[in-house]
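Structure, as structure tokens:
Every chain is numbered from 1 and lettered A, B, ... according to where its sequence line falls, protein lines coming before strand lines. Below, all heavy atoms of this structure are taken into account, side chains as well, without hydrogens, waters or symmetry copies.
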Amino acid sequence: MTAALRTQGLSRSFGALKAVREVSFTLEPGARHALIGPNGAGKTTFVNLLTGALPPSSGAVYLGADEITGLAQHERVKRGMTRTFQITTLFPGLTVLESVVLAIFERKGIAASLQTRVANRTAEIHEAIHIIRELRLERDAGSVTRSLPYGKQRLVEIAVALATRPRILLLDEPAAGIPAAESGEVFGVIAALPREVSVLFIEHDMDLVFRFAERITVLAQGSILAEGTPQEIGADPRVREVYLGDEAARG
Amino acid sequence: MSVAFSLPDARWRAAEIAFWIATGLVFFVFPSHLVLASQVLITGLFAVSLDLVLGYAGIVSLGHAAMFGTGAYVAGILARNGWGEPLSGLFAAGLAAAAVAFVTSFLALRGEDLTRLMVTLGISLLLYEAANQAGVWTGGVDGLSDMQVRDLFGVFPFDIRGRTAYLYTLAVVFLVFCAARRVVHSPFGLSLRGIRESPRRMAAIGSPVQRRLVVVYTLAGAMAGIAGALLAQTTQFVGLEVLGFSRSADLLIMLVLGGAGWLYGGLVGAALFLVAQSLLSRLNPVYWEFWLGLLIVLVVLLARGGINGALTRVSARLGLARRQA
Amino acid sequence: MLSALPGVLFDGVAYGSLLFLISIGLSVTLGLMNFINLAHGAFAMVGGYACVVATLRYGLPFGVALVVAFAVAAIAGGVLERVLYRRLYGRSPLDQVLFTIGLTFMSIAAATWVFGSGQQPVRLPDTLLGQTRILGVDVGIYRLFLIAIVFALASGLALLVTRTRFGARIRASVDDARTAAGLGIDVERVFSVTFTLGSGLAGLGGALGIDVLGLDPTFPLKYMVYFLLVVVVGGAGTIVGTLCAAMVLGIFDVAGKYYVPWAGAFVIYALMVALLLLFPRGLLRRIR
Amino acid sequence: ADPIKIGLIAEFSGPFAAYGRQIGTGMKAWLKEHGDTVAGRKIEIIERDTTGPSPEVAKRLAQDLITTDKVDFLAGFGLSPNALAVAAVATQGKTPMVIMNAATSIITTKSPYIVRLSMTLPQVTEPMALWAAKNKIKKVYSIVSDFAPGIDAESAFQKAFTAHGGEIVGSVRVPLKNPDFAPYVQRAKDAKPEAVFIFIPAGEQSVGFVKAFAERGLRQAGIQVIGPGDVTDDDVLEAMGEPTLGMITTHHYSFAHDSPQNEAFRKAYASVSGAKQRPNFMAVGGYDGMAAIAAVVTKLGGKMDAEKAMEIFKTYKTESPRGPIEIDPQTRDIVQSVYVRKVEKKGGQYLNVEFDRFPHVKDPVKEATKEAAK
Amino acid sequence: MADLLEVQGVVAGYGESVVLEDVSFTLREGGSLALLGRNGVGKTTLLLTLMGMTRLHKGTLAWRGEPLAAVPPHHRARLGFGWVPQERGVFPSLTVDEHLEAIARPGEWTAARVYQLFPRLVERRGHFGNQLSGGEQQMLAIARALMVNPTLLLLDEPTEGLAPVVIDELVVTIRKMLASGRMAAILVEQHARLALQLTEETLVLDRGRVVHRSPSRSLLEDPGTLDRLLGVA
Ligand SMILES: Nc1ncnc2c1ncn2[C@@H]1O[C@H](COP(=O)(O)OP(=O)(O)OP(=O)(O)O)[C@@H](O)[C@H]1O
Ligand SMILES: Nc1ncnc2c1ncn2[C@@H]1O[C@H](COP(=O)(O)OP(=O)(O)OP(=O)(O)O)[C@@H](O)[C@H]1O
Ligand SMILES: [Mg+2]
Ligand SMILES: [Mg+2]
């Protein structure tokens, strides 16, 4: 079976700094895969390379069997790869409903249409409302994104991403800013996505990582330090040293 | 469905209908100011076209005159060379302006706001110089003065009071406005607003941002070209200033004055600016700029978001008052 | 033709210096403060008129008149900042454009009222007139003087902005005024001082520019394209960038006029478009 | 009786504000001197600002003035495009239109209701070529602004000059918006001519040129400046000052023109303008235009009739502050003396001092067309 | 002696809209307070109100007995407020070094000490604010607030985006500083347990009101109440 997403020797430098070095990585179909690592290890940069937001210095990205290294960002989305942003990146002046509907339009290829009116697209609006309900945002559907508290905006990030109905979902610290009690639920929604959807998420909250990840890759200084099941990673002394630290200190 | 779930629908509101009826009534109420009224409508249309690009897609341009001027010259040159039928002239002008917009969009849409501002300005200034050089076609600085515009539908001549011109302009402006309105309420319009709010996010939901921008720039270009052609046909003269810096700059002022991202902002802004200019310069032909400047400054200080902002706030106040009552 | 090259280069640098001088105030207000101050030319004009009045009516020497020009424009800027500009900082760029255009209109009419619509004379001191020979090239003394001033100003400002705590505070305040204030930066004062400095520089540039550009009430609009051009091509936020842009544009413009005069009007605009396409963030822009 | 209304359409704001001010003040100077009642009717001037070169505004103003204000005459017009755009309105509205400055040759051909009391550019340029050729200037470098009037001036000069044995050693057209003349002047200097022919619109452009001319040491190199009088426009001459000394120009009016008419005009002008500024050729255009209108109204006995008015204009002839002028009945364009002047400093003032003259000059372009038609 | 900070009946919000309704509490010198509550209940708004960045409709704020309401934000920083904003507010056009220099005030925290706390930042000291990873930005936001040498540290979700090892370091440091008694802190945290362990006292907010107030230790020992207070409605 081919991998859902694969990289081959992927690298990216910023000037003298090698943020990502020679990463060869595989995301299996239906995976629930966590990417962890110290701050500045290159996780976000790696996701940016996957989505085409940044061009790599060298190396290749494959989606299924196809190489997509040079493909434009929006083309990759069309092929089913969607991401959320670590630093919230939304449509500040649109309402939550509009944001989600827009993403659905783009997915269905009618976002460039001049034929119909937005208000008449009941099917898309209903679908949007469904997603919004799932993330418990229904009270805020009519609010302008800008006026929402930070935590709600994090949920909108996810709602917009889900609306593109991705086959591969890349989440950059999706639970940041969401209270511990609720972040579990958010991950519940993600975990409950159909198995065709492969999920790669970056997360610093180890409770969530160990609860939801089936496989973990640890990135450090731009390279893969370790990869394995949660048990393997949790027990890996190198990972403990550079990343996990001494659990006791946190109690 | 609860209020939170409704999207702004595209039905014509009473205020909108009243607005257009009022523009029609101008014909009867101000019969001696029809020339000014047509120029307001034409400039308003030009501003609406900028609104699509600036107010909706968030692309600032200081060179919108490039398309306006192209339209004006195409209509003018056609009419001078025996093709004086106005409607087909309008159509040709719109096409030509769209072509210019399409070609230049690949330059104009790169970079950040300030870069775009200057690139668009540069393009229009280059066109200005080109028109100055191509004196054989354009008449250079002296302008194009031998236009022979035929009677509208072969029946209605363009008279000195500007009656035909006004009705013709009103009809064309209304139709083009309806088209713009349609664009704004379509999914395409929503995606433009998405681009304005965050191009990065748009790309991340799979939107070909650049292509969308090219499309809207071209559309707006066609509209600007039609506005230019209307001006040429109704004044029967084309001067170099149709491509000038102040044409673009004044346009930006009018649009912001009226409120961008609202569609009516362009029309309202043009009316306010041109009528104020006309009245003030009658009162004092030399120092009127001072009062116009003061008016602008006051609008900015008192009404955030232009006239639109002021209206929204006033109606919110009224709404609040009503609820409390 | 080629033998004229050193002369052309010198003229280009001199013209670039002039462009830099008339734009430097804007480079501060727009580039550093991120405030789209289209009324920049009005401050330059204030400086110009101050210089004319100082030299002609009060018979002050040119050097003193320059100081007066700086001071008058700076005071005007400082006062306007307190009363008006301050309210516009948080507003959208379009509001700023509109507001400052309004001010520009007012300044034009006011200048016409006070000084009439005609050109103003300037008398340079004799020491700055005429040409001198340097390395076999005839160079205008006034141009030489401009170049010297420009390099002094540019390096001073660049040091201020990139090397001092005040420079960092300006940039912090512009990036995020709220956070800056929350960290103890007196944002209002930083902006006041910077704006006053920018206005003063505009006035100085205006005064130095009259000899070549002339001075009449339409100055603020007439040269607006040039100010914007230099600042944007240089890249907002860098003094050195503005200097580079002014020099590149100056040299190419002069060389174009000298060697391909038939293309004269196109050179500077085409160059601007080309440079902006090649360097969409300006020649020297801090990577954002 | 009702007043006679004159709609004055001119540039009162923007970069060309000086035009409107000069023309308007010139008209008022005439009224000041002769009183504002003609043939029993008061003269009323309605001022309207075109805001600069804006044909559509000019046209709108003209339509407004004719249909709403019911003016009897249109007047003013500093810039050619504004005049050209209004021409059709004058015809449609059957209203005499008096051009007081705009100098493009073709204007008067655009409507039978147009009469011009200013000048045409070729009219004042050609004599320069003749004078230069006669006065042993053989090699000339030409600099003109790159727009229609500039090109008219260039071709008028070059044609006449080469026809009389002169040689053009180089020519260049400078962009209209051009802050720095140094490279062009340098080029001219490098071509080593005996004189530089210059035409640029009056105002800051001439300031820039004159500065560059002085700085580049052309005078020291023995190079003479010649051209139509715009470059040494009386209105900016003081502002340009010393470097203009010795420049030779041809024009139809000089502030320094020595005649009782001009003396009276200067006085009237000063009393209207408050002595802040000098009258220049545009002011005299306004003054003469006003005089012509008054003469027409007088002849009509105060009863306006556009057709008859035009007939009277065609035979108009007078002694103006600029010298003798008359209207060519065939072209409705002005026929006048063109003077050769040199900038000198007299009594602390910089003046265009007239020292030679070409009498009875017509617009050479129209003359050439007439020739060709024969 | 007056308390360090006294908040009385505060009603505050943005423009016309009111977010905080009647909030009161006090904080002693060297004290520490955890601020908990679900998304959008007004935790950030409360910190902003302390910084003088919201509209105070009603109520009083006092700093060591002196009224605070009229003091502009930058003066509060000089009084000793150190603020870590929720969205970090790192300046894109300042380098890491410049961030620290631009706002430094004399005291025990110097650039050198801050770099010791976050060694990661040393390697990035020449980078501009927007060339940092999310976690690095967070470190910088904290480091910057320390450079003010605050008497009262306001931390709005400071651990967001930080790697576990870094959080450990940070927790140790803050604990040490609190223990020294020279600095007080108000901590907003999504990880309630972490916040409770660090602080003496806890406020729980709901829809702009204080719905619970107790020593942190007692909440820590009563997970049932904690869940009820923070649990999903
Ligand atoms: N535009 C840029 N220019 C220069 N350096 C950059 C840029 N973007 C990121 N970096 C550097 O690259 C490194 C990797 O950054 P990245 O954002 O990928 O880290 P990360 O693993 O996502 O960290 P975190 O967990 O803190 O989010 C960091 O050290 C960062 O400073
Ligand atoms: N700038 C603003 N203008 C108007 N309302 C705002 C603004 N910022 C926040 N709000 C509103 O104030 C309320 C409280 O928001 P606040 O950011 O204080 O919540 P919070 O408790 O910090 O939430 P989170 O845990 O998500 O950070 C919310 O309802 C939010 O919509
Ligand atoms: Mg990251
Ligand atoms: Mg918060």
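- Nearest heavy atoms, E:D168 versus A:L244: OD2-O, 4.1 Å.
- Heavy atoms of A:E241 lying under 4.5 Å from chain E belong exclusively to its backbone.
- With a 4.5 angstrom heavy-atom cutoff, E:E87 touches chain A only via side-chain atoms.
- Around atom CD of A:Q221, no more than 12 heavy atoms belonging to other residues, nucleotides or ligands sit under 6.0 Å away.
- Contact between A:Q86 and E:G134 at its shortest, heavy atoms only, is NE2-CA, 3.3 Å.
- In terms of non-hydrogen atom pairs under 4.5 Å with chain A, the most contact-rich of E:M139, E:K43, E:R120 is E:R120.
- In plain terms, the two heavy atoms of A:D205 and E:H191 that are nearest each other are OD2-NE2, 2.8 Å.
- Ranked by heavy-atom pairs under 4.5 Å with chain A, the first of E:N39, E:T159, E:L36, E:V166 is E:N39.
- In terms of heavy-atom pairs under 4.5 Å with chain A, the best-connected choice from E:Q138, E:R88, E:Q86 is E:Q86.
- When all heavy atoms are compared, the tightest approach of A:P38 to E:A163 is CA-CB, 4.1 Å.
- Here the shortest heavy-atom pairing between E:E136 and A:G40 reads OE2-CA, 3.3 Å.
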side-chain contact (heavy atoms from CB on, under 4.5 Å) between A:I87 and E:Q137: does it pass, once the steps are laid out? CA-CA 10 Å; A:I87 311 282; E:Q137 291 186 11; 3.9 Å; yes
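- At a 4.5 Å heavy-atom cutoff, E:E123 makes no contact with chain A through either its backbone or its side chain.
- Side-chain contact between A:N39 and E:L162 is present, with at least one heavy-atom pair separated by less than 4.5 Å.
- Residue contact with chain E, scored on non-hydrogen atoms closer than 4.5 Å, involves the side chain of A:L17 exclusively.
- With values rounded to the nearest 0.5 angstrom, A:Y150 atom OH is found 10.0 Å from E:Q190 atom CD.
- Of the atoms belonging to A:D207, not a single heavy atom falls under 4.5 Å from chain E.
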